[in-house]
Amino acid sequence: LETPMLARILLATPSTSIQSRFRQILDRPNTLVEVAHVDASLWETVSRENFDLVIVSRSLIGVSASETVNSLRTLPESPDIVVLCEEEDPEERATLLAAGCLSVLYTGLPNEMLEEALSAALERRLQTAEEALVPTDAPSQPQLSDFVSASPAMETFMDVVHRVVGSDATLLIMGETGVGKERLARAIRAESPRSTGPFISVNCGALSETLLESELFGHEEGAFTGASRARRGWFELAHGGTIFLDEIGEMPNYLQVKLLTVLQLREVQRVGAESSMNIDVRVMSATNRDLAAEVDADSFRRDLYYRLSVVSLTIPPLRERREDIPTLVSGLLEHFRGEIPHHVERATDEAMEALCRY
């Protein structure tokens, strides 16, 4: 049941012995198990919250299993349903599977078999969730070898980059607009131990303050006007992977405080929630601002700056590595050759000289 993402499971059963047994089976890293109140509010709870898996006793579904399951499948983030039966009944099993349940488990099975079945259900669910985070037309992941480093400045810079790839330390990438800060972050992640985990990129300057808080940390139902159901935040979705906070210098002060708490405690609390949850996320951030100067001007928190810049990388601008320009030009011509209506073999000497002098 060990998964790279954070799995949320609702366990609903009137039997305290079955409840205790399944809590023990599900007691694994990266898995949050909530025991449901077995009353009329059960399905209302399911409809409001974000669960990956709902494990429920057959007796709680009611007579019309298909009606109950179909109502759940209309939810924005509908959970997968696993039904627990205390007696083996092939006909009942077929009916439940036909209604849309993911699996039907006989509670008389040994713990090892139940754990194996639940592991397969979670793996399927989380694989689907990970695929939803990556656009189908997403470009191939950049690699560190993509970065041209013929110049002494870039060669020195990439030597430092290669030394921090295997680290899990918080990383601050600085540099002027257009130097490739997010591309570098993606390349570091692609060659790091977290390469199989999610990569979530958030532009802190592109969202309003209220929306940014909800997007980063998630929210509970009723946390603010329009919050009709609970929602996971980007930190929660990035569990087991990497979150990239672009334009971190644009983050308002009160959110800087919340981010500092996440970095210190490795916990995140949804807007409107009374408790927090543990997360395992590497934080990378980027800025084209002089954050040290902003700290001195009291426009950015000093304690957060030091937390973000455990490792700092400043990408040299192109004017400081002009030796890289011919290789970059040749690579771009090769890349766009199939997209332009004219045959372009190379840049003329005059054109290359002009580009290197610009």
Side-chain angles (χ1 to χ4, degrees), residues 139-167 169-192 199 201-206 242-251 282-297 299-302 304-337 339-340 344 346-358:
S140 58
Q141 288 296 321
Q143 304 292 320
L144 291 178
S145 58
D146 297 339
F147 287 80
V148 176
S149 54
S151 64
M154 199 61 178
E155 185 177 6
T156 300
F157 175 75
M158 292 307 294
D159 284 343
V160 176
V161 170
H162 282 287
R163 290 202 296 270
V164 304
V165 166
S167 169
T170 304
L171 177 63
L172 176 63
I173 303 174
M174 296 176 287
E176 299 173 15
T177 300
V179 293
K181 296 185 286 294
E182 181 171 348
R183 187 173 180 81
L184 179 65
R186 289 182 180 273
I188 292 173
R189 171 260 183 181
E191 300 187 23
S192 76
F199 181 92
S201 177
V202 184
N203 188 324
C204 298
T242 305
I243 189 166
F244 176 68
L245 304 176
D246 199 6
E247 297 188 34
I248 188 67
E250 303 284 346
M251 182 171 284
R282 184 181 189 182
V283 177
M284 299 185 189
S285 55
T287 182
N288 57 12
R289 295 185 175 188
D290 185 346
L291 280 191
E294 298 207 6
V295 167
D296 292 337
S299 57
F300 196 86
R301 291 185 63 95
R302 186 178 300 274
L304 177 59
Y305 171 69
Y306 288 127
R307 283 282 180 177
L308 291 171
S309 59
V310 173
V311 176
S312 296
L313 296 172
T314 302
I315 305 177
L318 202 55
R319 63 180 174 276
E320 294 180 7
R321 52 188 184 101
R322 296 174 188 267
E323 300 93 328
D324 294 337
I325 292 175
T327 305
L328 287 166
V329 171
S330 297
L332 289 168
L333 284 175
E334 180 67 29
H335 178 76
F336 289 110
R337 186 166 287 136
E339 300 182 23
I340 55 179
V344 179
R346 65 181 183 85
T348 65
D349 292 342
E350 293 82 3
M352 188 67 76
E353 183 182 346
L355 287 168
C356 292
R357 192 174 58 244
Y358 181 69

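Scanning both residues, P152 and E323, for their nearest heavy atoms gives CD-OE2, 3.7 Å. The two residues C204 and E250 have their closest heavy-atom pair at O-CB, 4.1 Å. Closest approach of G205 and E247 over heavy atoms only: CA-OE1, 3.7 Å. Considering every non-hydrogen atom in both V329 and A347, the closest pair reads CG1-CB, 4.1 Å. Residue D324 comes nearest to A150 through the heavy atom pair OD1-N, 2.8 Å, listed as atom of the first residue, atom of the second, then distance. The two residues Q141 and A190 have their closest heavy-atom pair at CB-CB, 4.5 Å.
We find the CG-CZ distance between L171 and R282 to be 5.5 Å, quoted to the nearest 0.5 Å. The structure places NE2 of H335 at 11.5 Å from CG of L333, a figure rounded to the nearest 0.5 Å. In this structure, the separation between CG on L172 and CG on L291 is 6.0 Å, given to the nearest 0.5 Å. The line from CD of E182 to CG of N203 is 8.5 Å long, rounded to the nearest 0.5 Å. Here F199 contributes atom CZ and I188 contributes atom CD1; the two are 9.5 Å apart, rounded to the nearest 0.5 Å. With rounding to the nearest 0.5 angstrom, the OG atom of S285 is 8.0 Å from the CG atom of L304.
Contact annotation: the side chain of E320 approaches that of P317 to within less than 4.5 Å [non-hydrogen atoms, C-beta and beyond]. Inter-residue side-chain proximity for E294 and Y305 is flagged as unmet; no heavy-atom pair is nearer than 4.5 Å. S309 is not listed as a side-chain neighbour of M174, based on a closest heavy-atom distance of 4.5 Å or more. Contact check for F300 versus L308: side-chain heavy atoms found under the 4.5 Å cut-off. R322 has its side chain out of reach of S151: every pair of non-hydrogen atoms, C-beta onward, lies at least 4.5 Å apart. Proximity of F147 to I315: side-chain heavy atoms (C-beta onward) are nowhere separated by under 4.5 Å. R307 is not listed as a side-chain neighbour of R301, based on a closest heavy-atom distance of 4.5 Å or more.
With sequence neighbours excluded, the residues that form a salt bridge (Lys or Arg N to Asp or Glu O under 4.0 Å) with R302 are D296.
For K181 (side chain) and G175 (main-chain N/O), a donor-acceptor pair under 3.5 Å exists by modelled atom type. One N or O on the side chain of R337 and one on the backbone of V344 form a donor-acceptor pair closer than 3.5 Å. A donor-acceptor pair is defined here as one N or O able to donate and one able to accept, closer than 3.5 Å; such a pair exists between the side chain of E191 and the backbone of L144.
Salt bridge R321/E155: absent, no basic N to carboxylate O contact under 4.0 Å.
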